[in-house]
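Encoded as structure tokens, the structure appears first; notes follow it.
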Amino acid sequence: MTQYKVPVLPGDGIGPEIITEGRKVIDAAGERFGFDVEWIEYPQGADHYLETGELISEDTLKELSGYSAIYLGSIGDPRIATGVLEKGILLTARFYFDEYINLRPIKLLEGVWTPLKDKTSKDIDFVVVRENTEDFYIGIGGRAKKGESKALLEVKRALYSAKFGLDIDTDSEEIGYQIGLISKEGTKRVIEYAFDLSENRKKHVSSVDKANVLSDIYGFWREEFNAVAEKHPGVTTDFSFVDAITMWFVKNPEWFDVVVTPNMFGDIITDLGAMIQGGLGLAPGGNINPKGTSMFEPIHGSAPKYKGQNKVNPIATIWAGAMLIEQLGEKEAADAIVNAIQKNILDGKVKTFDMGGKNTTSDLGNDIARIVKGE
Ligand code: IPM
Ligand code: MN
């Protein structure tokens with residue numbers, strides 16, 4: 001029997017409830033496909049931060065980097081100022097493990113209601129490859145009051161580092177600014193990943209940018225996209241500005257196969273993607289470093305108002321669990337989990353409130369686990 005060790009960070013809000021169901025389903029898949037997962041629990045999140053003042057320590061990150069896949073619930077809590085946990089835990093981990101791909105399948109399963117009239121599961125089946133370590137997410141910026149001031153801003157990565165020494169002089173009462181940066185190395189690798197992915201799909205890659213306005217940063221992105229495209233003559237391509245792609249996602253989702261996007265636009269368009277695939281309760285994601293440590297999570301947040309009610313839909317997390325075991329090499333088991341989710345939906349007997357049912361989070365986990373085991 002193959003043994004895996006997988007760290008699990010249930011996190012905040014509904015995180016622990018959905019992660020319990022995700023683990024249950026992976027354990028069921030292990031029973032059927034002959035592997036065993038030892039779950040190693042980590043407490044990082046709001047309670048741990050309030051008790052100890054620690055977000056996620058260097059020691060913990062180092063320890064976690066010994067594993068190839070981490071299972072993550074959700075991070076965020078209304079008791080703590082917005083952004084503290086998200087940046088201090090989630091983004092810190094994405095950057096530390098250099099998880100440069102955020103892979104978000106936008107797939108409408110059969111039998112799931114979509115707000116897009118006349119579109120079916122045949123029309124909505126693409127993947128967003130979101131760059132996950134750069135752009136306006138690098139976390140450098142500041143505020144300056146009227147007059148002269150200086151700032152030294154720095155981004156340090158394993159791949160490269162960059163320093164900005166700013167001499168600021170403004171007659172505005174106060175300014176706020178944020179630096180977005182993309183690097184040649186960072187851009188090239190994520191676009192290459194997208195093209196490689198499309199080679200095994202419909203061989204079409206769409207690029208997202210805003211090169212018409214933010215031309216320094218996204219003109220550069222477009223140039224790198226074209227350079228990679230040249231090496232894949234069998235793959236067709238197109239470009240959309242980010243505003244336009246939101247329109248095409250709604251109007252013609254069937255056009256898309258692989259969509260590659262800088263970080264911030266990827267954040268925005270994947271919430272829209274989640275909606276057209278039936279809602280946030282159904283949208284999984286993976287933060288991937290193909291040669292290092294990856295982290296799998298639902299793309300929704302911690303939904304504090306539903307915490308502890310055993311009410312929310314665990315499917316996004318269960319699906320993220322399928323992506324996790326696929327990363328570990330258990331492709332057959334991963335497919336069995338996605339098929340079990342599909343069967344649960346088509347059966348239509350056990351469903352949570354967001355899908356028009358009355359069942360609990362654990363009812364869903366039990367039903368999908370049962371289907372996975374072939375019972
Ligand atoms: C996501 C989330 C995160 C992001 C937040 C919580 C930092 O919205 O995973 O999409 O912006 O990447
Ligand atoms: Mn988001």
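Dense packing is recorded around CD of Glu154, with more than 12 heavy atoms of other residues, nucleotides or ligands lying under 6.0 Å away. The environment of NZ in Lys202 is crowded: more than 12 heavy-atom neighbours from other residues, nucleotides or ligands sit within 6.0 Å. The local environment of CZ in Arg201 is crowded, with over 12 non-hydrogen atoms from other residues, nucleotides or ligands closer than 6.0 Å. Counting non-hydrogen atoms of neighbouring residues, nucleotides and ligands closer than 6.0 angstrom, the NZ atom of Lys122 reaches no more than 12 such neighbours. For Lys210, the NZ atom counts as densely surrounded, since its 6.0 Å shell holds more than 12 non-hydrogen atoms of other residues, nucleotides or ligands. For Lys87, the NZ atom sits in a loose shell: 12 or fewer heavy atoms of surrounding residues, nucleotides or ligands are nearer than 6.0 Å. Within a 6.0 Å radius of CD in Gln3, more than 12 heavy atoms belonging to other residues, nucleotides or ligands are found. By the 6.0 Å contact criterion, CD on Glu174 is enclosed, its count of non-hydrogen atoms from other residues, nucleotides or ligands being greater than 12.
Looking only at distances, no side-chain donor or acceptor of Asn132 sits under 3.5 Å from a matching main-chain atom of Asn287. Of the possible donor and acceptor atoms, none in the side chain of Thr133 sits under 3.5 Å from a partner among the backbone N and O of Arg94. The main-chain N or O of Ser183 is found under 3.5 Å from a side-chain atom of Thr187 such that the two form a donor-acceptor pair. Looking only at distances, no side-chain donor or acceptor of Asn359 sits under 3.5 Å from a matching main-chain atom of Leu364. Glu86 contributes a side-chain N or O that, together with a main-chain N or O of Gly83, makes up a donor-acceptor pair within less than 3.5 Å. Panel note: side chain Ser207, backbone Phe239; no donor-acceptor pair is recorded below 3.5 Å. Under a 3.5 Å cut-off, the side chain of Asn252 and the backbone N or O of Glu254 do not form any donor-acceptor pair. For Thr293 (side chain) and Tyr67 (main-chain N/O), a donor-acceptor pair under 3.5 Å exists by modelled atom type.
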- [ ] Would you please test Lys349 and Asp347 for salt bridge (charged side-chain N to carboxylate O under 4.0 Å, His left out) and show each step?
- [x] CA-CA 6 Å; Lys349 290 189 202 113; Asp347 288 349; 5.3 Å; no
- [ ] Apply the test salt bridge (charged side-chain N to carboxylate O under 4.0 Å, His left out) to residues Glu21 and Lys24: give CA-CA distance (whole Å), side-chain angles for both, the deciding distance (0.1 Å), then the verdict.
- [x] CA-CA 5 Å; Glu21 303 316 309; Lys24 188 186 282 174; 2.7 Å; yes
TODO: Verify side-chain contact (heavy atoms from CB on, under 4.5 Å) between Ile182 and Glu224, making sure each step is shown before the conclusion.
DONE: CA-CA 11 Å; Ile182 65 170; Glu224 291 307 311; over 6 Å; no
TODO: Could you go through the side-chain contact (heavy atoms from CB on, under 4.5 Å) check for Leu72 and Phe296 one step at a time?
DONE: CA-CA 6 Å; Leu72 195 67; Phe296 297 85; over 6 Å; no
TODO: Show your working on side-chain contact (heavy atoms from CB on, under 4.5 Å) between Ile325 and Phe33 and close with a plain yes or no.
DONE: CA-CA 11 Å; Ile325 59 169; Phe33 292 94; over 6 Å; no
Open item on the list: Using the rule given for side-chain contact (heavy atoms from CB on, under 4.5 Å), can you reason through Glu297 versus Leu90, listing the C-alpha separation, both sets of side-chain angles and the distance that settles it, and then say yes or no?
Closed with: CA-CA 10 Å; Glu297 55 171 340; Leu90 183 60; 3.8 Å; yes
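With respect to Arg79 and Asp47, a salt bridge is recorded, a charged nitrogen being found less than 4.0 Å from a carboxylate O.
Rounding to the nearest 0.5 angstrom, the gap separating the CG atom in Leu197 from the CG atom in Asp257 is 7.5 Å. For the atom pair CE (Met275) and CG (Leu116), the distance works out to 10.0 Å, reported to the nearest 0.5 Å. Note that the CG atom of Asp135 and the CD1 atom of Ile179 stand 13.0 Å from one another [nearest 0.5 Å]. Rounding to the nearest 0.5 angstrom, the gap separating the OG1 atom in Thr317 from the CD1 atom in Ile18 is 3.5 Å. Summarising the geometry, atom CD1 belonging to Ile175 is positioned 12.0 Å from atom NZ belonging to Lys145; distances are rounded to the nearest 0.5 Å. The distance from the CD1 atom of Ile371 to the CD1 atom of Ile337 is 12.0 Å, given to the nearest 0.5 Å.
Phe35 is not listed as a side-chain neighbour of Leu328, based on a closest heavy-atom distance of 4.5 Å or more. Under the 4.5 Å side-chain criterion, counting only non-hydrogen atoms from C-beta, Glu330 is not in contact with Val37. The shortest side-chain heavy-atom distance between Ile14 and Tyr306 falls under the 4.5 Å cut-off. Between Met295 and Leu64, the closest side-chain pair of non-hydrogen atoms is not below 4.5 Å.
Residues Phe126 and Phe249 place their aromatic rings such that the two centres sit under 6.0 Å apart.
When all heavy atoms of Leu108 and Ile276 are compared, the closest pair comes out as CD1-O, 3.9 Å. Heavy atoms only, all atoms of each residue included: Leu280 and Ile299 are closest at CD2-CG1, 4.0 Å. Heavy-atom minimum distance, Ile40 versus Tyr42: O-CD1, 3.4 Å. Contact between Ala322 and Ala334 at its shortest, heavy atoms only, is O-CB, 3.3 Å. The shortest heavy-atom contact between Ile138 and Gly180 is CD1-C, 4.5 Å. Residues Phe95 and Arg157 come closest through the heavy atom pair CD1-NH2, 3.4 Å.
A donor-acceptor contact under 3.5 angstrom links the side chains of Asn344 and Asp367, judged on distance only. Inspection of the Gln309 and Glu17 side chains reveals no N or O donor paired with an N or O acceptor under 3.5 Å. Counted by atom type alone, Asp354 and Thr352 present one or more donor-acceptor pairs between their side chains at under 3.5 Å. Residues Ser362 and Asn310 have side chains that bring a donor and an acceptor to within less than 3.5 angstrom of each other.
Pairs engaging residues 109-118 under the side chain to side chain donor-acceptor pair (under 3.5 Å) rule: none recorded [sequence neighbours left out].
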Give every donor-acceptor pair under 3.5 Å between a side-chain atom in residues 261-274 and any protein atom, sequence neighbours left out.
unit_1: Thr261; atom_1: OG1; unit_2: Gly266; atom_2: N; d: 3.2
unit_1: Asn263; atom_1: OD1; unit_2: Arg130; atom_2: NE; d: 2.8
unit_1: Asn263; atom_1: OD1; unit_2: Arg130; atom_2: NH2; d: 2.8
unit_1: Asn263; atom_1: ND2; unit_2: Glu134; atom_2: O; d: 3.3
unit_1: Asp267; atom_1: OD2; unit_2: Tyr137; atom_2: OH; d: 3.1
unit_1: Thr270; atom_1: OG1; unit_2: Arg104; atom_2: NH1; d: 2.9
unit_1: Thr270; atom_1: OG1; unit_2: Gly266; atom_2: O; d: 2.7
unit_1: Thr270; atom_1: OG1; unit_2: Asp267; atom_2: O; d: 3.2

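A cation-pi contact, defined as under 6.0 Å to the ring centre and within 45° of the axis, links Lys311 to Phe353.
Hydrophobic clustering, with ILVMFWY side chains joined whenever heavy atoms are under 4.5 angstrom apart, keeps Leu181 apart from Tyr100. The hydrophobic clustering, which links ILVMFWY residues whose side-chain heavy atoms are closer than 4.5 Å, places Val127 and Met323 together. Both Leu103 and Leu109 are members of a single hydrophobic cluster when ILVMFWY side chains are connected at heavy-atom separations under 4.5 Å.
Between Thr361 and the choices Val312, Asn313, Ile315, the side-chain contact (heavy atoms from CB on, under 4.5 Å) rule is met once, by Val312. Of the candidates Tyr193, Phe225, Phe195, Phe195 is the only one forming a ring pair (Phe, Tyr, Trp, His ring centres under 6.0 Å) with His232.
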